[in-house]
Amino acid sequence: MSNPLYDALLAPYEGRDTVFLHLPDGAALTHADFLAAVNRTANALAHLGVNPGDRVAVHVQKSPQALALYAACVKAGVVFLPLNTAYTPSELDYFVGDSQAALFVCDPAEADALRPIASGAGCHLHTLAGDGSGSLADLADGQSSDFEVVARSDEDIAALLYTSGTTGRSKGAMLTHKNLLSNADALVDTWRFTDKDILLHALPIFHSHGLFVATNVTLRAGGAMIFLPKFDIDEVLSALPKATSMMGVPTFYTRLLDDDRFTRELVAHMRLFVSGSAPLLAETHERFAERTGHRILERYGMTETSMNTSNPYDGERRAGTVGFPLPGVEVKVCDPESGQEMPQGAIGVLWVRGPNVFKGYWQMPEKTREELRDDGFFITGDLARIDEDGYVTIVGRGKDLIISGGYNIYPKEIELFLDEQHGVLESAVVGVPHPDFGETVVAVLVPEKGRTLDLGQIEANVKTSLAGFKRPRLFDVVDALPRNTMGKVQKNELRGKHANAFQ
Ligand code: MCA
Ligand code: AMP
């Protein structure tokens, strides 16, 4: 009976007392203990009638038990659907309904608020808190710690990760066993992870970066993780001496550089720092090298593809670039209009093909056809250039997207929300440079003729409906949006106007 992800990432540890997770209280969780928790959780899923192929939507704090729930889904052949802890009930309603989840797991503190969503979608609701307690944990506690692995094929879906769409509607990217395993293999190989590695893990586990890149790579290599609930500068500084490697978004690295306690001596023993999810400024790369002697290894990926390119482990880690295609991954730069491959050195849209490329968007065949071609190439929407040495540089985005602290924000979603607010005629949302988050959100509002906007009320409405990281940090009320002769809003002009608002 085969289950590609289970066989590669978890089965090798059956009965092994090696440490998998170092926890903030000093405790350590062994692989064997983790696998016992995985089995009990898988039995709890079966007990609830969650069948192979069903979706389990998960909106919980980071914890070893939450990670065991992911692994239990893999073992039980169930599709894992992690959700950003910042999402509000109205955002969650869409994901649970659209995915037709069989089970929705949330924090006990939000169970009352979220019960109507589960009832509306006709699914079970169970709870799991950051300390590992909750009704799912209670159910799992009474279960056997043996569970027969459910057979899966390479093409079966292991996870459904929603990414916001440029039209405002989120799309569920279907990631198969082959997608995730091939990427873990490519990264272990490229970044030289081994069973000696102790990865400092301060990322959230509801996104590809913290879940698949960090966790799957560690499991594939046989290493351990220092598993912190979030990026807290004090916790990270005190954990670094015990780590061999760290993965983070650029905000992690700028925050470290802003702290005098982050010294060359503190990280002299470290093997590797990896950055991704958002552009790492060349200046940050250089400052980091000067302070520590380490060159951050920058890589590039997407939810739909996991990782595509990486700077080399041994060769030159070139600041401002995202390196070369990973083993088995092909990239090309194409003309945005014609789709023709462009000459070497030209800027165009980056296309990607390989075993890492997802199966398509959940129940959106047309969207899938628009972005995933019959020949297997996925159109990333990122603008890139490949230099004569083969290094890929992401020079911009063909898609209207803001990346704040590694979280993607689609202006369209916020504009649709703002347009509905009392007295708003129309709106435009843009990203502007921010020293901590890289970019942040600015909303430009046009009131209906003769009306004065109640910005306090609008801000309050944003707070109850949209996740906090999407909140505009600045509102600008204008008489009219700048438009070109075709009537298209000139977002560049708005970005220029507010470029220094946070600098
Ligand atoms: C939190 N806040 C933010 C962000 N995070 N605002 C803008 N952008 C953010 N990223 C807001 C909260 O809403 C809150 O606002 C206030 O900041 C404090 O919240 P807190 O949680 O304490 O913030 P923090 O701990 O400082 O978090 C910042 C962070 C975190 C550490 C940078 O956002 C983070 O861990 N980001 C990593 C994201 C990530 O893993 N991305 C991978 C995506 P208020 O005060 O108003 O309440 S996967 C991907 O992109 C692809 C596949 C790839 O290539 O990896
Ligand atoms: P997500 O939808 O969260 O998977 O975000 C994927 C997007 O993040 C990509 O399409 C890029 O725009 C951006 N991204 C990820 N890594 C990098 C990087 N190293 N440099 C620039 N952009 C990046």
Side-chain angles (χ1 to χ4, degrees), residues 61-62 82 84-88 161-166 170-171 173 175 179-180 183 187 201-215 228-236 247-256 274-282 284-285 296-311 319-323 349-350 352 356 358 371 378-384 392-410 431 434 436-441 459 462-463 466-473 502:
Q61 297 300 321
K62 183 176 175 182
N84 193 319
T85 47
Y87 286 150
T88 63
L161 262 64
Y162 276 83
T163 76
S164 296
T166 38
S170 283
K171 304 166 287 185
L175 294 156
N179 295 150
L180 300 180
N183 215 238
L187 296 175
H201 192 305
L203 288 157
I205 53 167
F206 45 71
H207 274 312
S208 174
H209 196 163
L211 188 61
F212 303 139
V213 185
T215 306
L228 302 179
K230 58 181 289 207
F231 184 91
D232 174 280
I233 188 80
D234 296 333
E235 296 279 335
V236 168
M247 296 181 191
V249 297
T251 300
F252 286 17
Y253 295 112
T254 49
R255 285 188 183 181
L256 284 170
V274 181
S275 176
S277 307
L280 181 77
L281 294 179
T284 309
H285 180 110
I296 298 173
L297 186 155
E298 184 170 8
R299 57 54 173 188
Y300 156 76
M302 286 183 78
T303 299
E304 287 91 335
T305 61
S306 299
M307 301 305 101
N308 296 313
T309 71
S310 169
N311 267 281
T321 81
V322 293
V349 177
L350 194 71
V352 180
N356 56 321
F358 75 138
E371 295 176 32
F378 174 64
I379 304 173
T380 65
D382 288 310
L383 299 177
V392 178
T393 300
I394 306 296
V395 296
R397 296 174 204 135
K399 51 198 173 188
D400 195 9
L401 163 70
I402 300 166
I403 306 185
S404 168
Y407 288 148
N408 287 8
I409 300 166
Y410 279 83
H434 188 276
D436 186 31
F437 293 129
E439 279 184 293
T440 197
V441 181
E459 285 190 65
V462 166
K463 201 169 177 157
L466 299 178
F469 65 88
K470 301 178 188 170
R471 177 173 66 80
R473 298 293 203 267
F502 300 92

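Counting convention: from 1, in listed order, for ligands and their atoms alike. In this chain, residues are counted from 1 in sequence order.
At least one heavy atom of I403 sits under 4.0 Å from some atom of ligand 2. Under a 4.0 Å heavy-atom criterion, K399 is in contact with ligand 2. For the pair E304 and ligand 2, no heavy-atom separation below 4.0 Å is found. Ligand 2 has at least one atom lying under 4.0 Å from a heavy atom of G301.
No donor-acceptor distance shorter than 3.5 angstrom exists from the side chain of K62 to the backbone of K230, with no hydrogens or angles considered.
Under 4.0 angstrom from ligand 2, the non-hydrogen atoms of A278 all belong to its backbone. Residue-level proximity to ligand 2 for L280 is absent, since no heavy atom of it falls below 4.0 angstrom. Neither the backbone nor the side chain of M307 has any atom closer than 4.0 Å to an atom of ligand 2 (non-hydrogen atoms only). At a 4.0 Å heavy-atom cut-off, ligand 2 touches T303 through backbone and side chain alike. Counting heavy atoms closer than 4.0 Å to ligand 2, residue E298 contributes side-chain atoms (C-beta onward) but none from N, CA, C or O.
Inclusion of N408 in the set of residues having an N or O under 3.5 Å from an N or O of ligand 2 is warranted. Checked against a 3.5 angstrom limit, the closest N/O atoms of S277 and ligand 2 fall inside it.
Taking only non-hydrogen atoms, the option from T305, D382, T393, I394 nearest to atom 11 (C) of ligand 2 is D382.
Put simply, the side chain of T88 does not reach to within 4.5 Å of the side chain of L466, judged on heavy atoms. Between L297 and S310, some side-chain heavy-atom pair lies under the 4.5 Å cut-off. By the 4.5 Å heavy-atom criterion applied to side chains, T85 and P204 are not counted as neighbours. Within the 4.5 Å cutoff, the side chain of L161 has heavy atoms near those of the F212 side chain. Side-chain contact between I403 and R397 is present, with at least one heavy-atom pair separated by less than 4.5 Å. Between Y87 and K470 the shortest side-chain heavy-atom distance falls below 4.5 Å. The closest side-chain heavy-atom distance from P472 to V462 is below 4.5 Å. Side-chain contact between H207 and Y407: present, with at least one pair of heavy atoms (C-beta onward) separated by less than 4.5 Å.
Remark: of the listed residues T393, D382, T309, T321, D382 is the sole one forming a side chain to side chain donor-acceptor pair (under 3.5 Å) with Y300.
Between K399 and E371, no side-chain nitrogen of the basic residue sits less than 4.0 Å from a carboxylate oxygen of the acidic one, so the salt-bridge criterion is not met.
Interface atoms of ligand 2 facing M302, defined by a heavy-atom separation under 4.0 Å, are 4 (O), 6 (C), 9 (C), 10 (O). Of all atoms in ligand 2, numbered sequentially from 1 with element shown, those under 4.0 Å from a heavy atom of P279 are 20 (N), 21 (C), 22 (N).
The shortest heavy-atom contact between G248 and H209 is O-CE1, 3.4 Å.
Closer than 4.0 angstrom to ligand 1 sit non-hydrogen atoms from L203, P204, H207, S208, H209, K230, F231, V249, T251, F252, R255, S277, R299, G301, M302, T303, M307, S404, G405, G406, Y407, F437, G468, F469, R471, R473.
A distance of 9.5 Å separates CG of L350 from CE of M302, quoted to the nearest 0.5 Å.
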